[in-house]
Amino acid sequence: ACADDTRGQTCYICMEAVHSRTREGLVRGCACGDRDGVASGRTGIAHVSCLAEQAKILVAEAEENNLEYKVKSRRWERWHTCSLCEQEYHGVVK
């Protein structure tokens, strides 16, 4: 299902179809682009490793720069919540 859903698409983070380092394919792990239960558009399609790396960097920057709790908490959410549609990840992404 993921392969069919993401065919011809690219990761919104690294802009690649197949991750250059991990060779992994794409997933859609949130509700981005869903309209009436039908996935549409390119929104929310990414590599799991890109999502994890993005979350890791955001949390590390918040800690490094000693940002306030509210900012750190919001960045920590990137581990389980899409930054685009703000819904929790599901399936293989979760």
Side-chain angles (χ1 to χ4, degrees):
C2 269
D4 290 337
D5 189 38
T6 62
R7 185 171 283 121
Q9 304 288 338
T10 58
C11 174
Y12 78 91
I13 298 170
C14 74
M15 306 307 289
E16 296 178 349
V18 176
H19 195 283
S20 60
R21 184 173 34 85
T22 65
R23 309 307 300 163
E24 72 189 286
L26 298 163
V27 296
R28 182 190 301 269
C30 63
C32 277
D34 281 0
R35 299 290 181 266
D36 300 321
V38 178
S40 61
R42 297 170 182 251
T43 311
I45 295 174
H47 302 108
V48 173
S49 62
C50 287
L51 293 169
E53 186 65 20
Q54 181 183 59
K56 181 179 155 186
I57 289 169
L58 287 172
V59 170
E61 284 177 351
E63 291 175 352
E64 217 174 271
N65 296 313
N66 203 22
L67 299 179
E68 63 183 44
Y69 175 78
K70 187 176 179 180
V71 175
K72 285 183 187 178
S73 179
R74 186 82 175 127
R75 288 183 175 201
W76 182 253
E77 289 176 5
R78 295 291 66 87
W79 282 103
H80 58 79
T81 305
C82 176
S83 63
L84 302 173
C85 70
E86 298 185 354
Q87 293 195 15
E88 287 193 16
Y89 293 123
H90 56 84
V92 68
V93 179
K94 187 173 185 177

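FYI, the numbering just counts along the sequence from 1.
- Residues Val48 and Leu84 share a hydrophobic cluster, clusters being chains of Ile/Leu/Val/Met/Phe/Trp/Tyr side chains in contact below 4.5 Å.
- Scored by the salt bridge (charged side-chain N to carboxylate O under 4.0 Å, His left out) test, Arg75 finds Glu61 as partners (sequence neighbours excluded).
- For Tyr89 against Ser83, the heavy-atom pair with the smallest separation is OH-N, 4.4 Å.
- In this structure Thr22 satisfies the side-chain contact (heavy atoms from CB on, under 4.5 Å) test together with His19, Glu24, Ser49, sequence neighbours excluded.
- Here Lys72 contributes atom NZ and Glu77 contributes atom CD; the two are 15.0 Å apart, rounded to the nearest 0.5 Å.
- Annotation: the span from Leu67 atom CG to Leu58 atom CG amounts to 10.5 Å, rounded to 0.5 Å.
- Residues forming a salt bridge (charged side-chain N to carboxylate O under 4.0 Å, His left out) with Glu86 (at least two apart in sequence, or on another chain): Arg74.
- Closest heavy-atom contact between Glu16 and Leu26: O-CD2, 3.9 Å.
- Of the inter-residue distances, the one linking Arg78 atom CZ with Thr81 atom OG1 reads 6.0 Å to the nearest 0.5 angstrom.
- Annotation for Cys82 and Cys85: closest pair SG-N, 3.4 Å, computed over non-hydrogen atoms.
- We find the NE2-SG distance between His47 and Cys14 to be 4.5 Å, quoted to the nearest 0.5 Å.
- Going from atom CH2 of Trp79 over to atom CD of Glu88 covers 15.5 Å, rounded to the nearest 0.5 Å.
- Here the CG atom belonging to Leu51 is positioned 6.5 Å from the SG atom belonging to Cys11, to the nearest 0.5 angstrom.
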